[in-house]
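Only a predicted model underlies this, so the values are computations on that prediction, with no experimental measurement involved.
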Amino acid sequence: MSSCTVPMNMVFLLSLFTTSLMVMTASAGNFFQDFDITFGDGRAKILNGGQLLTLNLDKASGSGFKSKNEYLFGRIDMQIKLVSGNSAGTVTAYYLSSEGPTHDEIDFEFLGNSTGEPYTLHTNVFSQGKGNREQQFHLWFDPTKTFHTYSIVWNSQRIIFLVDNIPIRVFNNLESAGVPFPKNQPMRIYSSLWNADDWATRGGLVKTDWTQAPFTASYRNFKANACTASSPSSCASTTSTNSLTEQSAWKTQGLDAAGRNRLRWVQQKFMVYNYCSDLKRFPQGLPTECKRSRVHGKLKGLMPQAETGFVGCNKSFMVFNYCSDLKRLTQGLPA
């Protein structure tokens with residue numbers, strides 16, 4: 001991995017600047033043209049001539065929608081404003097998925113919480129029907145006050161989850177190590193707002209307060225630079241204002257040094273669960289992708305069993321590491 005030479009406060013400011021440029025240059029898709037309502041009996045509404053979509057949840061039902069197109073690789077952006085107030089028990093799901101028992105899936109799920117408590121952003125990747133690759137985060141802003149952009153970059157090398165153009169998670173293609181990777185099944189975009197108070201908030205301890213219903217999530221500025229399954233050679237944007245370079249950038253997109261610093265910042269400060277650190281859940285050894293792909297690079301020269309023990313000792317017994325001391329090393333971490 002490249003050396004970390006950018007101060008973290010500068011990285012954060014640059015991230016916000018980049019985000020503002022992205023939002024300003026993105027043209028909105030049209031929900032009438034791009035999506036179908038899937039359920040809700042009138043609780044899902046397309047408004048403002050197709051520029052805004054709202055999902056509602058009450059005690060009788062939630063609501064949802066899906067894209068008309070199926071995509072095979074691309075970059076998907078959506079601006080979402082989540083349920084405000086006491087959202088405990090609710091889940092706002094936004095994801096890509098194919099169909100069938102061996103489906104592929106790339107998930108954002110926003111788990112509601114009691115008033116004043118943070119949302120949990122739950123991410124997962126399914127390949128050939130196998131998931132169990134959860135990473136969860138708290139956000140560094142209130143996602144209910146205004147719209148924020150949630151993006152998925154999916155190419156043949158990796159999947160990148162981004163929030164306001166800041167990477168929060170990377171899932172690399174490790175087929176060479178025997179890890180299935182989503183690459184053959186076209187996927188639609190889905191979103192839904194539903195009640196999951198049996199597990200969503202504090203493991204189901206906090207139930208949905210139906211006196212606060214209806215709960216509402218709002219969507220705007222959908223954008224897809226992607227290959228549609230009906231026209232694999234298309235790889236075209238839903239907008240006409242983007243340059244060819246921007247339209248195709250996702251095909252090889254990875255993380256540069258600044259992107260890796262942003263990812264490290266998010267994962268160190270805001271990650272609240274990582275399946276790759278859950279030794280109790282995987283007592284026989286961490287999944288292969290956890291051993292081969294890490295935020296700080298591969299651990300060289302260790303057999304898989306030794307590597308697992310190395311990570312477990314670091315997590316359980318290390319009390320200080322200069323490579324994580326951003327307060328001490330304000331000008332950037334040592335190379």
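For CZ of R281, the number of neighbouring non-hydrogen atoms (other residues, nucleotides, ligands) closer than 6.0 Å is greater than 12. Within a 6.0 Å radius of CD in E175, other residues, nucleotides and ligands contribute more than 12 heavy atoms. When the shell of 6.0 Å around CG of N48 is examined, it contains more than 12 heavy atoms from other residues, nucleotides or ligands. Enclosure of atom NZ in K130 by more than 12 non-hydrogen atoms of other residues, nucleotides or ligands within 6.0 angstrom is indicated.
With contacts defined as side-chain heavy-atom distances shorter than 4.5 Å, the pair R133/S127 qualifies. Looking at T90 and L57, their side chains come closer than 4.5 Å, going by heavy atoms from C-beta outward. Counting heavy atoms from C-beta outward, I159 and V153 have side chains that stay 4.5 Å or more apart. Residues Y273 and D278 form a side-chain contact, since some pair of their non-hydrogen atoms from C-beta on lies under 4.5 Å apart.
Aromatic rings from F270 and W265 are positioned such that their centres are separated by under 6.0 Å.
Residue pairs that meet the salt bridge (charged side-chain N to carboxylate O under 4.0 Å, His left out) test with at least one member in residues 104-116, sequence neighbours left out, do not exist here.
Under the 4.5 Å side-chain heavy-atom criterion for Ile, Leu, Val, Met, Phe, Trp and Tyr, F147 and F35 are members of distinct hydrophobic clusters. Placement of F65 and L47 in two distinct hydrophobic clusters is found when ILVMFWY residues are connected by side-chain heavy-atom separations under 4.5 Å, directly or transitively. Grouping the Ile, Leu, Val, Met, Phe, Trp and Tyr side chains by contacts below 4.5 angstrom, directly or via other members, places V266 apart from L111.
Under the 3.5 Å distance criterion, the side-chain polar atoms of S218 are left unmatched by any main-chain donor or acceptor of T54.
Ion pair K68/D34 not flagged as a salt bridge, since none of the NZ, NE, NH1 or NH2 atoms sits closer than 4.0 Å to an Asp/Glu carboxylate oxygen.
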